[in-house]
Chemist: 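Sharing a structure below in structure tokens format, with a few things to ask.
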There are 2 protein chains.
Amino acid sequence: MASPQPPYRASARSADDDVLRHVSARERIAARGGRVTRTRLAVLEMLQHGSHPLSHDEIGDALASAGVAHDRVTLYRALDWLVEQGLARRIAGGERAWRFEGVRDAAHRHAHFHCDRCGQVVCLEGLEPAPATALPNGFQVERAELVLHGQCATCGRGDEEVRPR
Amino acid sequence: MASPQPPYRASARSADDDVLRHVSARERIAARGGRVTRTRLAVLEMLQHGSHPLSHDEIGDALASAGVAHDRVTLYRALDWLVEQGLARRIAGGERAWRFEGVRDAAHRHAHFHCDRCGQVVCLEGLEPAPATALPNGFQVERAELVLHGQCATCGRGDEEVRPR
DNA sequence: GTCTTCTTGCAACATTGTAGCATTAGGCCT
DNA sequence: AGGCCTAATGCTACAATGTTGCAAGAAGAC
């Protein structure tokens with residue numbers, strides 16, 4: 001499961017890769033005892049392949065333009081299921097909406113960078129949030145979320161078109 | 001509606017404290033060139049005094065039970081103004097809603113703990129999010145948000161009544 | 001091919017936040 | 001103290017993001 005390449009970089013792929021991904025997604029879903037539906041398949045593949053965490057909205061758009069029409073609710077439920085099964089992770093985007101990313105290695109964690117200008121979120125490999133030390137008595141930490149805020153490279157370059165907030 | 005606990009901890013205070021806090025809040029607002037309205041006054045005092053970040057909802061409830069009725073929108077705008085003026089800070093609660101905390105020292109930053117069971121958020125003094133190092137080229141970090149997730153002391157103690165998720 | 005039950009799709013609703021605009025009131029000036 | 005100007009307020013409407021309930025459809029076991 002641990003690939004030699006950077007986990008979320010969109011690299012050039014061959015048709016073989018596509019087949020592999022497809023099979024993999026199908027098997028991972030089936031292995032959890034869930035039914036392999038086109039929604040789950042398409043979403044999981046998209047998340048596995050995605051270079052950064054995607055919002056529900058982005059996923060919906062991508063599905064639509066891929067010719068796979070879906071109800072909003074169905075998509076929510078598919079995402080919920082994937083998260084529940086540990087195949088995807090839900091992270092809090094800077095805005096109100098959740099973002100979702102594929103999980104390859106359940107143990108692997110990383111921080112995220114949120115561009116306050118265009119709203120984009122990118123993964124920061126190699127920057128693991130340090131677990132807490134000085135906690136009040138009785139508190140149990142299960143995970144840590146580290147989000148860096150600022151301006152991404154694209155927005156910093158100047159006056160490109162920007163989706164405002 | 002809001003949490004079952006008291007919205008912000010009402011510790012024993014003297015009348016002098018009240019006067020001091022009141023004056024301070026009033027002056028801080030006026031110093032920013034804003035009008036001192038009962039909404040801003042009440043909200044800022046509540047935030048300054050609060051022991052943990054409060055949601056819009058909690059603040060609204062507290063205001064209502066303090067006999068200061070307010071429109072939802074007015075409260076949003078008062079909070080926005082306080083954040084804009086650097087008197088309050090907006091942090092992303094685990095849920096969709098923002099939470100707000102008073103700012104005493106603009107330079108002082110701290111992490112937060114979010115209880116995934118009851119939704120409560122507490123401040124973790126002494127745990128400053130480490131600024132990023134290994135960022136891609138062209139990225140500029142302005143601030144870091146570190147949120148620890150897990151179970152708070154109250155929820156960990158067992159089967160007290162809990163607002164589920 | 002049939003059957004069971006998990007998923008989907010629809011409609012309705014809940015929560016959280018914003019926009020526009022007429023009305024109120026803070027605070028400066030006289 | 002009274003008047004005036006304009007920042008704040010309080011509506012009402014609307015937008016964005018999720019959730020719930022339930023009938024209809026499809027995945028997969030037999």
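Below, chains carry the letters A, B, ... as their sequence lines are ordered, and counting in each starts from 1.
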Chemist: I need the CZ-C1' distance between B:R72 and C:dG17, as an integer number of Å.
Modeler: 7 Å
Chemist: Would you kindly give the CD1-to-C1' distance between A:I59 and D:dT17, to the nearest whole Å?
Modeler: 14 Å
Chemist: Round to a whole Å and report the spacing from CD of B:E58 to P of C:dT15.
Modeler: 15 Å
Chemist: Do B:E101 and B:H52 have side-chain atoms, one donor and one acceptor, less than 3.5 Å apart?
Modeler: no
Chemist: If only side-chain N and O atoms of B:R38 are considered, is one of them under 4.0 Å from the OP1 or OP2 phosphate oxygen of C:dT24?
Modeler: no
Chemist: Check each residue of residues 73-83 of chain B for a non-hydrogen atom within less than 4.0 Å of any atom in DNA chain C, then write out the ones that pass by number, or none.
Modeler: B:V73, B:Y76, B:R77
Chemist: Ring centroids only, cut at 6.0 angstrom: are B:H110 and B:H108 within range, meaning strictly under it?
Modeler: yes
Chemist: When only distance counts, do a donor and an acceptor, one from the side chain of B:R35 and one from the base of D:dA8, lie under 3.5 Å apart?
Modeler: no
Chemist: Is it the case that atom CG in B:D105 sees more than 12 heavy atoms from other parts of the structure closer than 6.0 Å?
Modeler: yes
Chemist: Measure CZ/B:R96 against C1'/D:dA16 and give the value in whole Å, please.
Modeler: 10 Å
Chemist: Return the value, rounded to whole Å, for the distance between atom CD of A:E27 and atom C1' of D:dG28.
Modeler: 17 Å
Chemist: Hydrophobic clustering (ILVMFWY, side-chain heavy atoms < 4.5 Å, transitive) - are B:V83 and B:I59 grouped together?
Modeler: yes
Chemist: In whole angstrom, give the distance that lies between atom CG of A:D57 and atom C1' of D:dA15.
Modeler: 12 Å
Chemist: Apply side-chain hydrogen bond (donor to acceptor under 3.5 Å, both in side chains) to A:Q48 and A:R28, showing your working.
Modeler: CA-CA 11 Å; A:Q48 284 181 164; A:R28 294 179 80 191; 2.4 Å; yes
Chemist: Does A:T37 put a side-chain nitrogen or oxygen below 4.0 Å from OP1 or OP2 of C:dT8?
Modeler: yes
Chemist: Write down the distance between CH2 (B:W98) and P (D:dA16), rounded to a whole number of angstrom.
Modeler: 17 Å
Chemist: Mind listing the side-chain donor-acceptor pairs of residues 65-79 of chain A below 3.5 Å, one per line with the distance, residues two or more places apart or on another chain?
Modeler:
from: A:S65; atom 1: OG; to: A:D61; atom 2: O; distance (Å): 3.3
from: A:S65; atom 1: OG; to: A:A62; atom 2: O; distance (Å): 3.1
from: A:H70; atom 1: ND1; to: A:T39; atom 2: OG1; distance (Å): 3.1
from: A:D71; atom 1: OD2; to: A:V73; atom 2: N; distance (Å): 3.1

Chemist: If I take atom CG in residue B:D61 and atom P in nucleotide C:dT15, what distance separates them, rounded to the nearest angstrom?
Modeler: 12 Å
Chemist: Does the distance from a Lys or Arg side-chain N to an Asp or Glu carboxylate O, for B:R99 and B:E58, drop under 4.0 Å?
Modeler: yes
Chemist: Mapping A:H70 and B:A30 to their closest nucleotides on DNA chain C, which lands nearer the 5' end?
Modeler: A:H70
